[in-house]
Amino acid sequence: MDPVNDDSRIRRNPLGSPVVAMIGGGQLARMTHQSAVALGQTLRVLAADPQDPAAQVTPDVVIGAHDDPDAVRGVAAGADVMTFDHGHVPPEILVELESAGVAVRPRASALIHAQDKLVMRRALAEIGAPVPPFTAVDSVEDVRRFHDEQQGRIVLKSARGGYDGRGVWMPESVEQAERIAQEQLDAGVPMMAEARVPWTRELSALVARSPFGQGAVWPVVETVQRDGICAVVVAPATGLPDDLRSAVQATALRLAEHLDVTGVMAVELFEVIGADGRPGVLVNELAMRPHNSGHWTMDGATTSQFEQHLRAVLDYPLGSTVPTAPVTVMANVLGAAETPAMSMDERVHHLGARFPHAKVHLYGKSERPGRKIGHVNVLADPGIDPDDPDQVATVRAVAEHAAHWLSHGEWADGWDPHTGPPVGDFDR
Ligand code: ADP
């Protein structure tokens with residue numbers, strides 16, 4: 001049976017609108033589903049478990065593993081296009097589907113640059129994009145040589161399979177570097193090393209590109225990581241010089257075109273201060289899907305990254321990326337070390353009472369320490385100056401307090417709804 005044309009298992013969209021197949025049933029698929037609902041489309045997901053965030057909300061779910069060729073073929077059958085909520089599908093499965101006529105977006109040949117950090121570094125270096133010095137690590141000798149070359153300031157990375165800081169090591173000595181490399185190589189992990197960049201802050205440039213070649217770019221944002229996990233995003237990045245902002249956006253669009261990306265792509269960057277004292281950037285990594293650094297667009301931009309991803313992979317005209325507020329701050333809600341006794345719903349209730357303008361997005365995940373279970377977006381009032389750090393800090397404080405409250409069930413500033421007026425200056 002030809003799985004691509006097997007009509008028996010196709011659930012048609014009642015409007016005749018597209019069915020988009022997404023590999024992975026996590027929060028990115030869940031939020032893409034929200035946009036598919038608005039556009040009258042159907043998002044079919046391949047989820048590992050019926051309780052996965054997207055499997056809970058879309059009626060068209062295939063349960064299976066992303067590395068099971070039959071499951072991936074099954075979810076693609078009869079869909080108009082296939083896309084991803086994560087980058088872990090083995091490329092050979094995608095190549096096979098492409099040969100069978102499935103519209104895989106982004107294509108396997110583009111996606112590999114988000115799956116393999118060494119392939120990505122090489123491709124970027126080849127086209128002259130700014131990247132840190134790097135090397136493949138096939139032996140401990142490679143590590144020793146590179147450690148010497150970089151005066152000990154190196155980062156070791158697994159080339160594939162890492163996320164949220166897993167698969168990234170910052171060795172403090174050559175011995176430690178060699179030990180990590182040996183352990184990983186022995187375990188069959190493909191390794192690379194790169195120079196440890198003395199960055200001043202981390203930025204992200206989010207773009208979308210359609211097969212037709214239309215491109216769209218949102219404002220460049222600052223991303224704040226804690227323990228390797230994105231904690232806060234400030235959109236736009238405060239005080240980024242105009243020429244650098246334009247250059248970063250142009251680089252991101254150029255990369256999308258050069259790598260033939262379709263859909264949303266996040267370009268994660270390090271801001272560095274050059275020898276002339278002026279800020280510049282180096283590219284850290286690429287994600288070819290909606291990305292945590294773009295969650296702010298759900299409330300803070302005319303077109304969210306999730307809607308844009310659907311429009312882009314379906315080759316529709318792209319939507320406006322114009323912000324709806326001068327500043328939007330996104331704060332991730334992470335599972336606390338100890339799950340609060342108060343239910344999440346009650347926490348949402350209290351949050352609404354203190355910060356009625358905070359926009360809550362929960363992923364339907366159970367609470368586990370450090371797990372991304374939701375995020376909060378806070379939009380600044382129209383008068384706020386996005387380049388004034390103090391004004392931006394007040395917006396950020398609200399977002400961070402809100403997210404902390406949802407995580408821990410306690411206000412970090414001791415605010416108590418029953419005992420009097422708020423103490424935080426951001427309550428005014
Ligand atoms: P992941 O795939 O887990 O997102 P990254 O390559 O983005 O891994 O690295 C995670 C974090 O480690 C980055 O956000 C950054 O804070 C830090 N980091 C990564 N590479 C470097 C580097 N070359 N120099 C300095 N810090 C780095």
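Start at 1 and go down the list; that is how both ligands and their atoms are numbered.
Heavy atoms of other residues, nucleotides or ligands lying less than 6.0 angstrom from CG of D186 number more than 12.
Annotation: atom 9 (O) of ligand 1 to nearest protein heavy atom, V168 CG2, 3.6 Å. The protein non-hydrogen atom at the shortest distance from atom 17 (C) of ligand 1 is M170 CE, 3.6 Å. With hydrogens left out, the protein atom closest to atom 6 (O) of ligand 1 is K157 NZ, 2.7 Å, a heavy atom. Here the heavy atom of the protein found nearest to atom 21 (C) of ligand 1 is F270 CZ, 3.3 Å. When hydrogens are left out, the protein atom nearest atom 3 (O) of ligand 1 is G165 N, 2.5 Å; that is the closest non-hydrogen contact.
Near E194, meaning under 4.0 Å from one of its heavy atoms, ligand 1 places the atoms 20 (N), 21 (C), 22 (C), 23 (N). Atoms of ligand 1 lying under 4.0 Å from any heavy atom of V155, numbered from 1 in the order shown and given with element: 21 (C), 22 (C), 23 (N), 24 (N). Listed by number with element, the atoms of ligand 1 under 4.0 Å from a non-hydrogen atom of R196 are 24 (N), 25 (C). For ligand 1, the atoms closer than 4.0 angstrom to any heavy atom of K117 are 1 (P), 2 (O), 5 (P), 6 (O), 8 (O).
At least one heavy atom of A195 sits less than 4.0 Å from an atom of ligand 1.
Taking 4.0 Å as the cut-off between side-chain N and carboxylate O, R145 and D142 count as a salt-bridged pair. Salt-bridge annotation for E367 and K372: absent, with no side-chain N of the basic residue lying under 4.0 Å from a carboxylate O of the acidic one. Between R396 and D390 there is no salt bridge, since none of the side-chain N atoms of the basic residue sits less than 4.0 Å from a carboxylate O of the acidic one. Salt bridge status for E172 with R196: present, with a side-chain N to carboxylate O gap under 4.0 Å. A salt bridge does not link E175 with R179: none of the charged nitrogens is closer than 4.0 Å to a carboxylate oxygen. Using a 4.0 Å cut-off between charged nitrogen and carboxylate oxygen, D52 and R30 do not count as a salt-bridge pair.
With a 4.0 Å heavy-atom cut-off, ligand 1 is reached by the side chain of N284 but not by its N, CA, C or O. Heavy atoms of V197 found under 4.0 angstrom from ligand 1 belong to the backbone as well as the side chain.
Inside a 4.0 Å radius of atom 11 (C) of ligand 1 there is not any protein heavy atom.
Note: an N/O pair closer than 3.5 Å links W199 and ligand 1 by distance alone.
The aromatic rings of F270 and W199 lie parallel to each other, their planes meeting at an angle below 30°, with 60° marking the opposite boundary.
Figure legend: cation-pi geometry between R354 and W415, with NZ or CZ positioned under 6.0 Å from the six-membered ring centre and within 45° of its axis.
In this structure a side-chain-to-backbone donor-acceptor pair under 3.5 Å is missing from T58 to A54.
Ranked by closest heavy atom to atom 15 (C) of ligand 1, the top entry among E285, E268, Q225, E202 is E202.
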